[in-house]
Each structure stands twice: as structure tokens, then as C-alpha cells.
Amino acid sequence: MNKKYIFITGGVVSGLGKGITAASLGRLLKNRGYKVANQKFDPYINVDPGTMNPYEHGEVFVTDDGAETDLDLGHYERFTDESLSKYSSVTTGRIYSEVIERERRGDYLGKTVQIIPHITNAIKEKVYKFDNTDVDIVITEIGGTVGDIESLPFLEAIRQIGIEKEQNEVVYIHVTLLPYVYGSNELKSKPTQHSVKELQSIGIKPDILVCRAEKEIDEALKGKIALFCNVRKQDVIENKTVSNLYEVPLMLEKEGLANRVCEKLQLNNKVNNSNWEKMIETIKNLKDEKVKIAIVGKYVKLEDSYISVIESIKHGGFANKCKVEIDLVNSEKVTSQNAKEVLGKYNGIVVPGGFGGRGVEGKIETIKYARENKIPFLGICLGMQMAVIEFARNVLEYKDANSEEFDEETTHPVIHIMEEQIGINKKGGTMRLGSYPCNIKEGTLASKVYKKENINERHRHRYEYNNKYKEEMEKNGLICSGISPNGKLVEIVELKDHPYFIGVQFHPEFKSRPDRPHPLFVELVKAAKLGTVPFSLLG
């Protein structure tokens with residue numbers, strides 16, 4: 001069949017759930033047997049979110065091919081269980097960079113370079129990148145809201161695609177808000193009307209409206225919205241708030257979203273949501289076993305900064321059939337004096353990734369507390385590096401042990417940049433991004449967790465374990481249980497004689513799915529659930 005294209009725009013306010021709508025629709029279409037690829041267009045001028053503070057835009061999600069992308073790609077992957085690529089994340093900055101580079105090369109043969117056609121053509125190329133793949137349906141979300149000046153080139157590009165393709169190959173979905181006014185006790189449709197009018201003014205007629213509302217949308221209001229927004233009544237879809245994020249696909253299925261999309265695209269496959277329904281049933285019946293896990297980091301004011309870690313811990317709870325209470329703890333507030341007071345109530349601790357020296361001493365104190373008190377611990381990326389530093393300081397008694405990232409003058413750089421990475425210019429090192437292989441040592445905790453000898457995981461870091469200290473570390477109990485195939489890079493460390501203490505140089509949270517949880521989080525929750533048990537936890 002010919003490729004099908006679905007474009008999802010937003011109106012009135014941001015944060016209505018365009019990303020979750022796109023991800024949920026992707027799951028529903030996959031459950032009908034179609035190969036789906038999700039894509040996000042972000043209007044900001046950053047080339048990618050890699051250099052942005054997490055408070056600006058949440059976490060940076062990394063794909064297998066090493067693209068630093070918007071966090072919505074995490075939602076797409078978790079819902080559809082499809083690995084995405086650099087073609088699934090496009091920004092204004094990337095588009096303009098590519099167009100300017102082409103102009104400098106002379107690709108435009110001296111013509112005046114303009115928004116139309118050059119910028120819009122570059123945007124369309126990103127959508128059409130999937131044309132020579134086995135993907136059946138491309139779902140593209142446009143960031144921001146209609147009316148934003150930054151979004152106009154993207155909206156113009158998707159308008160053109162609607163003209164270039166057949167009518168049954170393109171669907172436009174507009175996600176909007178129906179605010180509830182307590183004074184009059186009613187939902188108001190006027191903001192939605194204005195948003196649709198704005199969209200129509202640039203040449204896009206939405207086929208389906210997905211309306212977010214605090215209260216139920218009655219049939220009369222659906223009729224009014226349909227009349228004033230020039231859509232059919234059955235194309236006004238209610239987007240309700242649900243108790244669990246992963247219920248959204250089934251809620252939208254019940255509201256008729258996927259059926260209306262399939263009718264418009266002339267897709268006839270039968271739906272099979274049974275596996276997803278079973279998963280939701282499991283989630284609804286989770287036992288409350290008072291499992292409490294702390295994520296100790298420095299970006300704790302914004303939950304989206306650690307959204308993949310949070311979701312992965314929840315997935316671990318699903319696998320263990322228990323609810324997990326997750327708290328974000330500010331690492332800057334943790335000291336040697338108050339560690340027990342701050343952390344004593346938790347059954348498990350995660351120290352996630354990050355960059356920069358702020359809060360690292362609190363992370364080190366956190367890890368010391370977890371190590372000495374046998375609290376199940378998972379260190380991710382920087383969290384793994386901090387575990388190595390903590391062990392060097394407090395077990396090997398190298399009191400100034402540190403990472404070269406934070407102290408270039410340390411006499412014990414247990415974390416460093418390898419010389420073959422950078423030559424002689426320490427500041428010239430580039431990050432290790434994307435999927436890399438790792439060999440796991442037999443008989444280790446890591447091998448019991450993964451139950452395989454070879455794995456591939458996604459990385460986002462610059463500094464590495466210093467092999468100069470490997471022999472001494474292992475002799476004193478910090479085992480290197482995961483190594484790169486060439487034997488040069490330590491990927492996993494773990495502690496002997498501890499119920500669950502493991503640090504990984506990569507980001508396992510990027511590969512965890514609600515219906516296929518990552519084993520590192522499954523076993524962390526299992527250890528937290530069991531409490532302090534012997535090292536033979538898993539075998």
C-alpha cells in the first residue's frame with residue numbers, strides 16, 4: 001500500500017498531550033498490524049536539545065543511532081516498542097543549518113534562498129525519509145501551538161504534503177483544549193474555535209479534533225464544536241484524563257480515534273488490543289507493598305528531567321506486580337550528616353545521569369549510604385561514575401579521587417577521558433552517543449540480571465572508567481562485570497556482598513517498555529521489594 005501520513009498539531013495551550021496522543025495512535029495502528037514510525041518537529045532554533053538544560057525541555061532522549069532528541073520520542077518508543085532514529089527528531093535549527101550549508105556549497109545555483117520553497121522542501125524531505133523503508137504509516141507531531149511564529153514553516157510544509165499526496169493518504173489531527181469555567185459550570189468551545197480558525201487560515205483543515213477537557217463533553221457540545229469547526233460530529237474525540245498514562249490508547253480506542261483515522265486513510269485491518277488490555281489489567285491490580293525508591297539528582301524541580309527513569313522504575317513495578325512510590329531527592333541537600341535522615345525511608349536508590357559538578361558530592365554521599373547500608377542501588381551513567389569515585393575515596397582511601405570532569409588536578413583520576421579518544425587536547429573529546437555493544441562476565445550479578453553474554457545499550461557521556469585502577473578496584477570488591485568487546489571500556493561495575501549494587505555507563509531507561517521492562521529496573525524493584533537479602537538474590 002502507499003505510505004500514509006498523519007500530522008498532529010496543537011492549539012490553545014501547550015502541554016495538552018500531543019505526544020501521548022501521537023504515541024497512543026501509533027500503538028493502536030500497530031495493534032492493527034501496520035508498521036508505524038513516529039516523528040517530532042520542534043520549532044526551537046537549537047539544532048537538538050543536547051545542549052539544553054533539562055529544566056528548559058526535560059530529558060534528552062537518545063536513539064540507537066546516537067541522535068539527541070526530544071523526550072516525546074521516549075513516549076513514542078515506550079508505547080509503540082519501535083526503535084526510532086535521527087529522522088524522527090527535527091528542529092528548526094537543524095533545518096536551517098542544513099539549508100545554509102547547502103547554500104554555501106552552491107547547491108541552489110545562486111538562487112535566492114527563501115522560506116518557501118527551500119525551508120519547506122527541507123522539512124518535507126524529513127517526512128519523506130521514510131518512503132524507502134517498510135514503514136506503512138508516518139505519524140508526525142508538530143511542536144508548539146498553532147499561531148506560534150516559529151511553527152509556521154512546519155505547518156506550511158505539512159499543508160503542501162496534503163496537496164502532493166492523495167486525499168486518502170493524509171490525515172490532520174488537531175489537539176485542543178476545552179477549558180472548564182467554574183463560574184458558569186460549563187466547558188467553553190471558543191478557544192478551540194479560534195484555534196481551528198487560525199489553522200484553517202494557513203490552509204490546513206483538520207480532519208479530527210482531539211479535545212482535552214476536565215469534564216465529560218456531552219453530545220450537544222460535540223455538535224456545536226463540529227458545526228463551528230467544520231468537522232463531522234464523530235470526528236470530535238474526547239481526550240479524557242486517565243489514572244495511568246498507558247490507559248490512554250484504550251481510552252482513545254473507545255472514543256473512536258483510531259477507527260476514524262483508518263476510515264479516512266482507507267485502512268481495513270482488524271484491531272487486536274488484547275495484549276495491551278492484559279497489561280492494563282495487570283497495572284490496575286498492582287499490590288501496594290510500600291516499595292519506595294528515591295531518584296537522587298539535581299534536576300528535581302521538573303519531573304520531565306528524569307521521565308524515562310521514572311517510567312522505567314514503574315515498568316519494574318509492573319513486572320513485580322507491585323506499586324512503586326518514587327520520590328525525586330535533591331542531591332545538593334544530601335550530606336554525610338543527614339544521609340540517613342534523608343534516605344533512610346527508601347527501599348531502593350537510583351542515581352541518574354547528568355553533567356557538571358553541581359550536586360555530585362551529594363550523589364557520592366548517597367552512594368556511600370547505599371553501599372554501607374545494603375540498600376539496593378542502580379547508578380546510571382554519571383551515577384556509575386560516582387559509584388567508582390565513592391569506592392576509590394572510601395574503600396581504597398584515595399581521598400581526592402575524582403573525575404577529570406570535575407577536577408583536572410586530582411592525583412587519582414578514576415574517571416577520565418581516554419587519550420585515544422582525544423589525542424592531546426582534553427577539551428576536544430566528543431561524547432559517546434548511541435548504541436554500543438558490551439560483553440558480560442559469566443557468574444556476575446550483571447549476567448544474572450541480563451541472562452545473556454552480549455548486550456547493546458545506549459550511551460550519552462564523554463568520560464570513562466580509568467583502567468589504571470581496575471585491578472585494585474576488583475581486588476577490593478568493585479567488579480567490572482561488563483566490558484566493551486575490545487576490552488578497553490568498562491561498561492558495568494558491581495559490588496560483591498551486596499543485595500543489589502550495580503552501576504552502568506549507559507542509559508538502560510531508554511530501552512525500557514511497559515510491556516517489556518528493562519531487566520536492570522525489574523531486578524532493582526525486586527531487590528527493593530525483598531529488602532536486604534544475600535548477594536544470591538537472583539540465583
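Values reported hereafter were calculated over all heavy atoms of this structure, with side chains retained and with hydrogens, waters and symmetry mates removed.
With sequence neighbours left out, the salt bridge (charged side-chain N to carboxylate O under 4.0 Å, His left out) criterion links R513 to E77, D81.
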Could you go step by step and tell me if Y436 and E491 meet the side-chain hydrogen bond (donor to acceptor under 3.5 Å, both in side chains) rule? CA-CA 10 Å; Y436 285 83; E491 299 280 24; over 6 Å; no
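Judged by the 6.0 Å distance and 45° axis criteria, K165 is positioned over the aromatic ring of Y128.
The salt bridge (charged side-chain N to carboxylate O under 4.0 Å, His left out) pairs that include a residue from residues 46-58 are D48-R94, where partners are two or more places apart or lie in different chains. Under the salt bridge (charged side-chain N to carboxylate O under 4.0 Å, His left out) criterion, no residue pair touches residues 193-205, with sequence neighbours excluded. Among residue pairs with one or both ends in residues 239-258, those qualifying as ring-ring contact (aromatic ring centres under 6.0 Å, His included) are F79-Y246, Y246-H315; sequence neighbours excluded. The ring-ring contact (aromatic ring centres under 6.0 Å, His included) pairs that include a residue from residues 191-245 number zero, where partners must be two or more places apart or lie in different chains. For residues 107-126, the pairs satisfying salt bridge (charged side-chain N to carboxylate O under 4.0 Å, His left out) are E98-K126, R102-E125, R105-D107, K124-E164, with sequence neighbours left out.
Checked for salt-bridge contact, E59 and R460 miss the test: no charged N lies under 4.0 Å from a carboxylate O. Salt-bridge check for E156 with R159: passed, with a basic side-chain N closer than 4.0 Å to an acidic carboxylate O. By the 4.0 Å N-to-carboxylate-O rule, K314 lies close enough to E311 to be salt-bridged with it.
Each of I237, V175, V196 was evaluated against L209; a single residue qualifies, V196, per the side chain to side chain contact (heavy atoms under 4.5 Å, CB included) test.
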